[in-house]
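Let me begin by presenting the structure, written as C-alpha cells, before commenting on it.
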Amino acid sequence: MKKAIKTPKKTVKKVTVYDPAKIEKKWQKKWTSSKLYKTTENKKKEKFYALDMFPYPSGEGLHVGHPKGYIATDVISRFQRMNGKSVLHPMGFDAFGLPAENYALKTKTNPADAVKKNVAYFKKQLEIIGLDYDWSREVNTTDPKYYKWTQWIFLQLLKKGLAYESYEPINWCPSCKTGLANEDIEDGRCERCSTLVEKKPLRQWVLRITDYAERLLNDLDLKDSSGKTLLDWPESIKELQRNWIGRSEGALVKFPIINDQGSSNSSEKKLGEVEVFTTRPDTLFGVTYVVLAPESHLTSELLASIQNKEEVEGYITRAKQETEIQRTDATKEKTGVQLKSVFVVNPANQEKVSVWISDYVLADYGTGAVMAVPAHDDRDWDFAKKYGLPIKTVITPLFTRAGEEDAWRPNEPEIKRPVVVCLVKHWSEDKYLFLRKKIVDKATVAIAGGIDGEDLIEAGKREIREESGYKNAKFIKHLGDPVYYRFYSVVGKQNRISDLKPLLFQLINDEREEISKEENEQHDSVWLSPNEIDEYLKGRPFNEIFWNRLNGKDQPYIHNGILINSEKSNGKDSESAKKEIVEFVRGKLVTKYKLRDWVFSRQRYWGEPMPIVHCQNCALKEYKNQAKITLNFYFKEIWEALKDGTKTVETRALNPDEPNRYFGNLALGDIIHCTFKTKKATEELLFRIKSKKIYKTFQELFDDKSTINKLSRKTYKSVIELEKSYAFTPDYVERIKKNGLIAWEIEPVTIAVPVPEKDLPVILPKVKSYEPTGTGESPLAAITKWVNTKCPSCKGKAKRETNTMPQWAGSSWYYLRYEDPKNKKQLVNPKTEKYWSSVDLYVGGAEHATRHLIYARFWHKFLYDTGVVSTVEPFKKLQHVGLVMGEDGRKMSKRFGNIINPDEVVKTYGADSLRVYEMFMGPFDQQIAWNTPSMVGSRRFIERVWKLKEKIAKNISDSDLKNIDRIVHKTTKKVTDDIETMRFNTAISSLMILVNEIEKSLSITKGQYEILLQLLAPFAPHATEELWAQLGNKKSIHISKWPEYNASLAVDNEVTIMVQVNSKIRGSFMAETNISKEDMEKKAQEVPEVKKWLENKKIVKIIVVPNRLVNLVVV
RNA sequence: GCCCGAGUGGUGGAACUGGUAUACACGCACGACUUAAAAUCGUGUCCCUCUGGGAUGUGGGUUCGAUUCCCACCUCGGGCACCA
C-alpha cells in the first residue's frame, strides 16, 4: 500500500487556487504604483543596461514571437536587479518609415494618428506580459522632441563633411517610390516590397560611412587592455559584417592608352590612361586585355576616338536598360564590345592589349576598369573564351604532397627537375594507360619520368617503353603549361619539386617488350576507363588538371602558385611577388571596401525632415563663374515659370537673340547662368541641367504633358507664337526636323544651408495628401507654405529640403536617449552617458546584422569623435533571438493565418506560463516552431511550485534537510550560470528537477522554498511575487537579494562510477565523491557484472577518470 | 559559386574541457481517483533477432573511449554574390 504523502487530510489549511488572471493584474498594478522598476543613476551601485531592439508599432500588434527577446532581457534585468545592480531596461518605438505610412495611406488616416493608436496597443500588449520596463524613459522616433536630436546629429555630420549631396544614379524602388540604400536591397529587389530596383539619377543626401569602413571592420576584433575581446557578439554576425564591409587589399595600376587606327601612316597617339584596381598584381604579366564598365566616364571620353562608336553606344544603351538583377546575374553569359582602334599598354611588359567594355565590370567598385587575366580569373576566362581573346598563363600551381610517407618534408633540402607526364591512349579502346604502384602508397599514377636534357617527346616515348613495355607510342599533343609538384622521394631520400610537363600519346598497336626487373618490382600497367580515372584522380590535383585539359574541361587556375612567364619575377611565389610587381610598374598598394556610402534621403512623407534649406542666392555667389553658358531672358511669363523651381525649357526657342548659341554640347549636370530682365529689375540665377529629351516638333513638345505641363498656358502661347513668327528660318526648321528639339529639364542650383541648431527641430508639417509623387520629389514639396522659407545665411528667399531621412536614422542612436530621455539641452548629458554606456546586453533579431547594427556603430563612432559619447562601440554584448515560427513551421504571418496572439495565450495560461514556455522551448538563439499544446507543461510546472507551499514544515528530517539543501545549492549554481549565459531552457529544466526532488521529499523549510521562488522570480514574476507575499514578506521578491550558493555544498557526496571493459559499459558502483584513483581501480574489478568479463583475460591497461569512470582494457 | 550555422527518440530538446547518449518537457500507453469525462497523481516509453547487440545525417580517420576532434560527402537554414 502506498502512503498518502501528497496532501495529508488532517491539514485543513486553506488552499488558494492558482489563478493567474487575478494575481497578474493585481501585481502589475502594484508594481506600477510603487514605481518598483523606476531606473535611477545610483553611483554607488554597479549599472546594467539591458536593451531590446525597439519595435516598429505596426497595426497588427504583437504575435508571440515578438516578446521572446523582451522576456529574455526582462529575465536578465530582474536577475541583475536582484544582484544589486542599477538596471536600465527601457522600451520605445521606432515609428517613422514606410510601413506606418503605407498603413496610413491604406486606412486613409494620418500616420501620426495611426502611430499613436498602434503604440497604445503595443504598450498594452507588453504590459500584460509583466515586463519590467521603466516607461518614464520611453522614446518615440516620431516625437519632435526626439527627432530634434536626430536632425542635430545630421547637422554634425554635415559639419564634418560626412554628409554630402550626390547626383550619382541611385537605387530606386518604383513601387515604394523612393530611393534606397544598398543595404535596403535583397537580390536586386526592394527589401520591403520585392519590386525590382531600378537605377535613377536623383539628387541624394549621402553619408560617408565608407570613411569609417576601416574602423567598423577593425573594431569588431577590438580587445581591452587584458586582451579580452570587447565585442561579445556572435561570431557569425561579426563575419556577416566583415563580408558586408568587404575589405580587399590590392593595387592601382595605370595602363597608358594609345590610339592605333591600324593603317601604316597613322602613328600611335597617347590618350591618357586607364587605371585599374586589382587584388592580383602578381598576375600582371598575364593581362591580355582590359575591360571598362559601360557607365565608366572613361568609356564616354574614349567614344570620340574609336572606330565602332555606334556599336559601343548601342551596347551602353542596352546595358543601361537592363535591371540591376539582370546585370549582376553571375550565371548569365558574358557580353561585351571591343573599343576598336583603342589599345592600352601593359606597364609590366609593354605589350599592347585590346580594350573592351562589358557589363561584368561594375562602375562603382574600384576604378570601374579591370585588367583581365583570363588564365587566372573565372570571369575573365569566360569572357576570353567567348571572344577568342588570348590566354596567358603566369601562375603555375604548386601542389604539395601531405599525409603519407612521401609527404614533403619542410626542413629537408630539395631539388627541382623537369618531369614528363604521359597520358597514353589505347590503340583502339577508350582507355588510358596507368601504373599501379606496388610500393609506398600503392597509388595509381600516370607514366612519368625525369628528363635530363633530352627532347621532351622522345623522353616521353622512352618512359612509356621502359615502364610499360609498349613500343609504339605516337605523340598527339601538349597538354598545356607545366605544374609543380613537391614531395619526398622515398627512393631518392630527398625532397623533390617536379616541373611536370604533360603530353598526350596514343599507341599505334599493342607491340610490347619485356620490361626491366626493377620496373616490374615497382608497378603494374593497368588500362583505365574514363570513369575509373575520375574515381582515382581524387586527391591527385595535378593529374586532375591534366585530365581535364585533355577533355576540354580546363579551368582557370585562380589560386596562388609560382610565377612563370613573368620576367624577373619568375620562380617567386605569388604572394611575395605582389609587392615587387606593383613597385615595378609604379602602381600603388590600396585597400578597397565593398561597403558603399549610405544613401540617406527618401522621397516619402513619413520621416524626419532634413534640417537643410536650399538657397539660390547663396549658390550664385559661390558658383557663378562655373556656369558653362549665360542666357538672357526677357519674357516675364517664362521668368515666372522658371523661378518656381524645376521646369522644362526649350532652349533654342527661348534664346532668339543668340540663335547660334544652342546647347547641343551641354551635358547633364552643367550649370547655366540665367539673367532675367523684367521692366523693373534684373535678376540672376543658376540652373543645372537635370535631364534631356528630344522632340521632333513644338507640338510634340507641348503634347508631352509629363515635362511641360508645369509651364503656364501663357508660356505655351508665347512659344507657339515664336514658332509662327520670326524665330524660324526655313533652314532652322529643317534642322529641327532632322535633329529634333532638345528640351532640357533644369533645376535651380542651390547651396545647402544648414538650419541653425537653435531652430531645431524642423517639424514635419501636416499635409493633406502624403501620397508619394513618384517623380523623385517628396510629397513635402507640394506644401509651398512650408517649403518657402528664409535662408538662414543670406536671409533671402529659399526653399526647404523636402527629402526625409530613412527609417534607420532614428534607430541609429535611440539607445543613447534612454539614458537621458528628457534632456532639452543635450542629446545626452555626458555624466549620465558615462554612467550608463555602453549597452551591456543588446537583444534582437539577426536580420539587422548588416543595417541597423552597422549604421548604429557608424553613428556611435562619429559621436565618439564628436565627444558626445565616451565609448567607441555602442553594444558590448549582442544576442540574437531565434525566430518563433507558426505551428505549421512557416513564418508567422497574416498571409498564412498562423499568427498566435500573446493576449489569447495569456488569457488561457497566464503571463507567467507564457514567459516560462518561451524561455523553455529551446535554445534562445535558435529558430523554433510554436506549439500551444506544449504550453501546459509550463502551466503545470508553475502550479506544482504553487502547491509546494503546502510542504513547508518546521520540523524536517535531517536527511531531507541536507538532501534538499544540496539540490538547492546545485540548482542555484546552475540557474545563476545559465541566466548569465542566456541558456534559459536549461535553467528552467534544472528548476523543474528541483521541484521534482522536493515533491519526493516529505517537507521543506520556508527558506528552501523561498530560494526556489527567488530563482524562478525572473521567469515567473507574478506567481512568485504572490507566493513570496503569502509567506509574509513585505518587500517585493524582485528587489530581494539573489540567492548565493556554496559550490562545495552543490556537489553530490556520492557519485556513480561507471565501469567499462574494453570501452563497453559493463557495470557501475557507488562511491564517495573524490574517491582515490587506486580505490576506483580496485572497486571496479570487484563489481560482479564486471567480473565475468574479466574471466580468463589479462588487464593490460586501466584508464581512470576521477568521479566518473574506470575503463579496463583486457586481452 | 563563396562564407557562416545546424542535423540526436513520435515531438521540442539535454550532455561541462573527449568519459553513463537521450536530462527536462510535450505526446503516447497502462494504472489510480471518478457513474463518466476533464484535471490530478503513479508507472512505462530509442531500436533489434534481447545472458547480448545496434543507434547522435552518411562514409572514413585519430583515440582505451567520439554527439564532441580531423577528412570527405549529403540535407536543411542564414548571409554574400560578376567586388576584379
Side-chain angles (χ1 to χ4, degrees), chain A residues 2 5-7 186-188 234-244 246-248 250 276-280 283 291 327-332 334 358-362 364-373 376-380 382-383 403 538-539 592-596 846-847 849-850 883 916-917 920-923 925-938 940-941 943-944 947 974 977 983 985-993 995-996 999 1056-1065 1067-1068 1089 1092 1100-1114:
Chain A
K2 245 183 285 170
I5 51 163
K6 336 168 237 182
T7 10
E186 270 172 13
D187 287 333
E235 200 43 47
S236 60
I237 299 303
K238 289 190 183 178
E239 197 55 34
L240 234 63
Q241 291 212 349
R242 282 188 200 110
N243 289 341
W244 189 263
R247 179 190 163 100
S248 60
V276 301
F277 173 69
T278 177
T279 53
R280 292 296 301 271
T283 62
V291 196
R327 273 212 44 184
T328 55
D329 178 9
T331 57
K332 80 166 183 190
K334 301 219 173 345
S358 170
D359 60 5
Y360 85 83
V361 176
L362 306 174
D364 55 355
Y365 185 77
T367 59
V370 302
M371 59 179 223
V373 187
H376 306 294
D377 182 279
D378 287 321
R379 296 149 299 177
D380 299 342
D382 291 346
F383 193 80
K538 282 174 189 161
K592 293 264 173 210
Y593 298 91
K594 280 202 300 191
L595 186 74
R596 301 294 145 84
E847 68 274 16
T850 52
L883 270 184
V916 168
Y917 175 63
F920 181 62
M921 14 185 352
D925 58 350
Q926 220 166 85
Q927 174 176 314
I928 197 158
W930 183 265
N931 183 17
T932 303
S934 299
M935 274 218 50
V936 298
S938 307
R940 275 180 204 156
F941 169 60
E943 288 199 26
R944 278 159 68 197
K947 281 187 196 151
K974 179 83 178 141
D977 292 350
R983 290 189 311 217
N985 54 333
T986 49
I988 290 173
S989 137
S990 70
L991 283 166
M992 286 171 168
I993 294 169
V995 169
N996 289 346
E999 275 179 344
T1056 314
I1057 309 283
M1058 301 312 294
V1059 184
Q1060 297 183 333
V1061 178
N1062 284 349
S1063 306
K1064 289 222 152 58
I1065 308 259
S1068 68
E1089 296 94 333
K1092 83 180 165 199
V1100 288
K1101 198 175 174 185
I1102 303 179
I1103 294 128
V1104 176
V1105 182
N1107 290 327
R1108 282 190 195 274
L1109 103 169
V1110 178
N1111 187 6
L1112 306 165
V1113 184
V1114 300

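At a threshold of 4.0 angstrom between heavy atoms, the contacts of A:Ile993 are confined to the sugar-phosphate backbone, with no base atom among them. Base contact: A:Leu1109 has a heavy atom under 4.0 Å from a base atom. Counting non-hydrogen atoms under 4.0 angstrom, A:Asn996 reaches the backbone sugars and phosphates but no base. Counting non-hydrogen atoms under 4.0 angstrom, A:Val361 reaches a base of the nucleic acid.
Closest of all the heavy-atom pairs between A:Lys1092 and A:Glu1089 is CG-O, 3.8 Å.
Rounded to an integer number of Å, the gap from A:Asn1107 CG to B:rG18 P is 18 Å. Distance CZ (A:Arg944) to C1' (B:rC24): 10 Å, rounded to an integer number of Å. Protein atom CZ of A:Arg242 is 16 Å distant from nucleotide atom C1' of B:rC2, rounded to whole Å. Rounded to an integer number of Å, the gap from A:Gln1060 CD to B:rU63 C1' is 13 Å. A:Leu991 places its CG atom 12 Å from the P atom of B:rA25, with the value rounded to the nearest Å. Counting to the nearest Å, the C1' atom of B:rG79 and the CG atom of A:Leu595 are 16 Å from each other. Distance CZ (A:Phe277) to P (B:rC82): 16 Å, rounded to an integer number of Å. When rounded to the nearest whole Å, the span between CG of A:Asn1062 and P of B:rG19 equals 20 Å.
Between B:rU35 and B:rA29, the two P atoms lie 23 Å apart (nearest whole Å). Spacing of C1' atoms, B:rU51 relative to B:rG59, comes out at 33 Å, to the nearest Å. Taking atom P in both B:rA39 and B:rC47, the straight-line distance is 26 Å, to the nearest Å. Nucleotides B:rA21 and B:rU56, compared at atom P, are 12 Å apart to the nearest Å. Comparing the same atom, P, in B:rU58 and in B:rG9 gives a spacing of 10 Å after rounding to whole Å. A gap of 10 Å separates the C1' atoms of B:rC26 and B:rG13, to the nearest Å. Atom P of B:rC24 sits at a distance of 12 Å from the matching atom of B:rG44, rounded to the whole Å. Distance check on atom C1': B:rG19 versus B:rU63 gives 12 Å, rounded to whole Å.
Test A:Val936, A:Asn996, A:Val916 against A:Phe941 for side-chain contact (heavy atoms from CB on, under 4.5 Å) and you get one pass: A:Val916.
In the set B:rG53, B:rG19, B:rC82, the nucleotide with an atom closest to the side chain of A:Lys334 is B:rC82. Distances from the side chain of A:Leu362 to the nucleotides B:rC64, B:rU40, B:rA84 place B:rA84 closest. Minimum atom distance to the side chain of A:Ser989 is reached by B:rA23, of the listed B:rC80, B:rG53, B:rA23.
With both pairing distances under 3.5 Å, B:rC33 is matched to nothing as a Watson-Crick or G-U wobble pair. Across all strands shown, B:rG61 is found opposite B:rC69 as a Watson-Crick or G-U wobble partner, with both distances under 3.5 Å. Nucleotide B:rC28 forms a Watson-Crick or G-U wobble pair with B:rG44, both donor-acceptor distances falling under 3.5 Å. Remark: B:rC76 base-pairs with B:rG5; criterion is Watson-Crick or G-U wobble with both hydrogen-bond distances under 3.5 Å. With a cut-off of 3.5 Å on both Watson-Crick or G-U wobble distances, the partner of B:rA81 is given as none. Across all strands shown, nothing is found opposite B:rU49 as a Watson-Crick or G-U wobble partner with both distances under 3.5 Å.
Among residues two or more places apart in sequence or in another chain, the salt bridge (Lys or Arg N to Asp or Glu O under 4.0 Å) test is passed with A:Arg1108 by none. Legend: residues meeting salt bridge (Lys or Arg N to Asp or Glu O under 4.0 Å) with A:Asp977, ordered by chain and number and at least two apart, are A:Lys973.
Residue whose closest nucleotide on RNA chain B sits further toward the 5' end, between A:Pro923 and A:Ser934: A:Pro923. Projected onto RNA chain B by closest heavy-atom contact, A:Ser990 and A:Met371 fall at different nucleotides, the more 5' of which corresponds to A:Ser990.
Counting heavy atoms from C-beta outward, A:Thr283 and A:Met371 have side chains that approach closer than 4.5 Å. No side-chain heavy atom of A:Ile1103 sits under 4.5 Å from any side-chain heavy atom of A:Val1110. Taking the side chain as every heavy atom from C-beta outward, A:Ser248 and A:Phe277 approach each other to under 4.5 Å.
Regarding contacts with the backbone of B:rG52, a side-chain N or O of A:Lys1092 is found under 4.0 angstrom from either OP1 or OP2. OP1 or OP2 of B:rA23 has not a single side-chain nitrogen or oxygen of A:Asn985 nearer than 4.0 Å. At least one side-chain nitrogen or oxygen of A:Ser248 sits closer than 4.0 Å to the OP1 or OP2 atom of B:rA84. Between A:Arg940 and B:rC26 there is a side-chain N or O to OP1 or OP2 distance below 4.0 Å. For the OP1/OP2 pair of B:rG65 and a distance below 4.0 Å, the side-chain nitrogens and oxygens of A:Arg1108 include no atom meeting the criterion. Contact check, A:Tyr365 against B:rA84: a side-chain N or O comes under 4.0 Å of OP1 or OP2.
Judged by atom type and distance alone, A:Lys594 does not reach the base of B:rC80 through any side-chain donor-acceptor pair under 3.5 Å.
In terms of modelled atom types and a separation under 3.5 Å, the side chain of A:Tyr917 and the main chain of A:Gly937 share no donor-acceptor contact.
Annotated as syn: B:rG9, whose glycosidic dihedral is within 90° of 0.
Between A:Glu239 and A:Arg242 there is a salt bridge, with a side-chain nitrogen of the basic residue lying less than 4.0 Å from a carboxylate oxygen of the acidic one. Using a 4.0 Å cut-off between charged nitrogen and carboxylate oxygen, A:Asp377 and A:Arg280 do not count as a salt-bridge pair.
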Heavy atoms under 4.0 Å is the rule here; annotate nucleotides 3-12 of chain B 5' to 3' with B where the base is hit, S where only the sugar-phosphate is, and - elsewhere.
SS-------B

Would A:Val1059 and A:Ile1065 count as a side chain to side chain contact (heavy atoms under 4.5 Å, CB included) if you check the C-alpha gap in whole Å, the side-chain angles of each, and the deciding distance to 0.1 Å?
CA-CA 6 Å; A:Val1059 184; A:Ile1065 308 259; over 6 Å; no

